[in-house]
Asker: 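Input: one structure, supplied below.
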Protein chains: 2
Amino acid sequence: MSDLLERLRGRGWRMTAQRRVVAEVLDGDHVHLTADEVHARAVAKLPEISRATVYNTLGELVSLGEVLEVATDRRAKRYDPNAHRPHQHLVCARCGAIRDVHPAGNPLADLPDSERFGFVVSAVEVTYRGVCPNCAGA
Amino acid sequence: MSDLLERLRGRGWRMTAQRRVVAEVLDGDHVHLTADEVHARAVAKLPEISRATVYNTLGELVSLGEVLEVATDRRAKRYDPNAHRPHQHLVCARCGAIRDVHPAGNPLADLPDSERFGFVVSAVEVTYRGVCPNCAGA
DNA sequence: ATCCTACGATGGACTTTGTCCAAGTCAAGT
DNA sequence: ACTTGACTTGGACAAAGTCCATCGTAGGAT
C-alpha cells in the first residue's frame with residue numbers, strides 16, 4: 001500500500017496522526033485532489049484536523065519532492081502523489097477528470113534555440129485537453 | 001497600430017471609452033498583463049474606470065477569441081492579445097518574464113493512443129520554464 | 001439634433017483559495 | 001517520565017475574482 005508513508009518515515013519525517021492521515025489520503029494512481037478535498041477526506045478519518053495543517057503538510061510534501069503541485073485550471077491547486085515518474089496531464093474539459101500521461105519524445109527538444117530568447121530552459125509542463133469517454137458518451 | 005480595435009469595430013462591438021482604453025492597453029507583442037495591471041494602466045488613461053468593467057471587458061475579449069487567457073503561475077490570470085497565431089509560453093522562474101514561443105512539431109502528435117484513455121484530445125498547452133538572460137547575468 | 005432603450009459601467013458585497021501568527025500540544029530522544 | 005523543539009490549531013487576513021442592483025450612455029430611430 002502506502003509506500004509514500006514508508007518513504008517519509010525513512011527520511012526521518014516526524015510522524016503525527018495528522019500527517020499520516022494526509023499521506024494516506026494521497027495514495028493511488030491518477031489522484032489529483034485539491035487541498036480542500038484532501039481536508040474533507042482527512043476530516044473523515046480524523047475529525048479534529050485543521051485546514052492550516054493540511055495546507056502545511058501538503059506544502060512540506062511538495063518541498064520534499066514526494067508530491068507534485070498541479071495547476072490544470074485556474075481554481076485550486078491539485079496534489080499529485082505520483083512524483084516518482086515524470087509525466088504530463090490530460091484533462092477533461094467537461095467534468096475535469098485528470099489522467100497522468102506519458103507523451104513520446106522530449107518536449108524540451110522541440111523548442112529551437114532561436115525561440116529561447118537567451119533563456120536557460122530547464123523544464124516544461126504540458127496539459128492536454130479534451131473530452132473523456134464518460135462525457136462524450138452521454 | 002491597434003488592429004485589435006479595428007477588428008472589434010468590424011465585429012460590431014459596441015464602443016465605449018472604457019472598452020477602447022482596455023483594448024489600447026492590450027496592444028503589442030509579448031504582452032501578458034494581469035487584470036489588475038490592465039486596470040492600473042487603464043486608470044492612467046481614464047481615471048473613473050472600475051475594476052468590474054475591466055474584468056467584464058477582458059472576459060468578453062476572451063469570449064470573442066481576440067485575447068487569450070494565460071495561466072503561467074497560480075497567481076492572477078494573464079491576458080495575451082496575440083491570439084491570431086498559435087503559440088506557447090516561456091517563463092522566467094525568477095522574475096516571471098514571459099515570452100511567446102513557437103515550438104517545432106505538433107505536441108498533440110506526441111501523445112500515443114495508448115495514453116489517451118479514450119479521450120478525444122483537442123488541445124495542448126505547453127509552458128517552458130527557465131531563467132532569462134537578465135536574471136542569469138547578475 | 002434629439003430622444004429612446006437596450007446594453008454597458010459602477011462599486012460594493014461576497015466567495016474562493018490560500019497565508020500568517022500566537023498560543024497550545026505532542027513525538028521522540030534522554 | 002521529562003524536556004524541548006517541532007507540529008497543530010483556529011481565526012484573522014489577503015489576493016483574485018464574481019455577482020448584482022442601479023445608473024449612464026452609444027447608437028439607431030425620428
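To find a chain, count down the sequence lines: A is the first, B the second, and so on, and within it residues start at 1. Keep in mind that this is a model prediction, so the values were computed, not measured.
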Asker: Taking heavy atoms of chain A and a 4.0 Å limit, find me the 5'-most and 3'-most nucleotide of DNA chain D within that range.
Answerer: D:dG5 to D:dG10

Asker: Between A:His32 and A:His89, what is the ring plane arrangement, given parallel below 30°, perpendicular above 60°, and tilted in between?
Answerer: perpendicular

Asker: Can you name the side-chain hydrogen bond (donor to acceptor under 3.5 Å, both in side chains) partners of A:Thr53, sequence neighbours left out?
Answerer: A:Ser50

Asker: For a 4.5 angstrom cut-off between non-hydrogen side-chain atoms, does A:Leu68 reach A:Asn82?
Answerer: no

Asker: Would you say the side chain of A:Leu58 lies within less than 4.5 Å of the side chain of A:Leu26, judging by non-hydrogen atoms?
Answerer: yes

Asker: Around atom CZ of B:Arg41, are there more than 12 heavy atoms of other residues, nucleotides or ligands at under 6.0 Å?
Answerer: no

Asker: Taking atom CZ of B:Arg20 as the centre, does the number of heavy atoms from other residues, nucleotides or ligands within less than 6.0 Å exceed 12?
Answerer: yes

Asker: Can you check the A:Leu8 CG to C:dA28 P distance for me, whole Å?
Answerer: 13 Å

Asker: Testing B:Thr127, B:Val101, B:Asp100, B:Val70 one by one against B:Gln88 for a side-chain contact (heavy atoms from CB on, under 4.5 Å), which residue passes?
Answerer: B:Val101

Asker: Please determine whether the number of non-hydrogen atoms from other residues, nucleotides or ligands lying under 6.0 Å from atom CG of A:Asn106 exceeds 12.
Answerer: yes

Asker: Encode nucleotides 8-18 of chain C as B, S and - characters from 5' to 3', where the letter depends on protein heavy atoms closer than 4.0 Å: B to the base, S only to sugar-phosphate, - to neither.
Answerer: SSBB----SSB

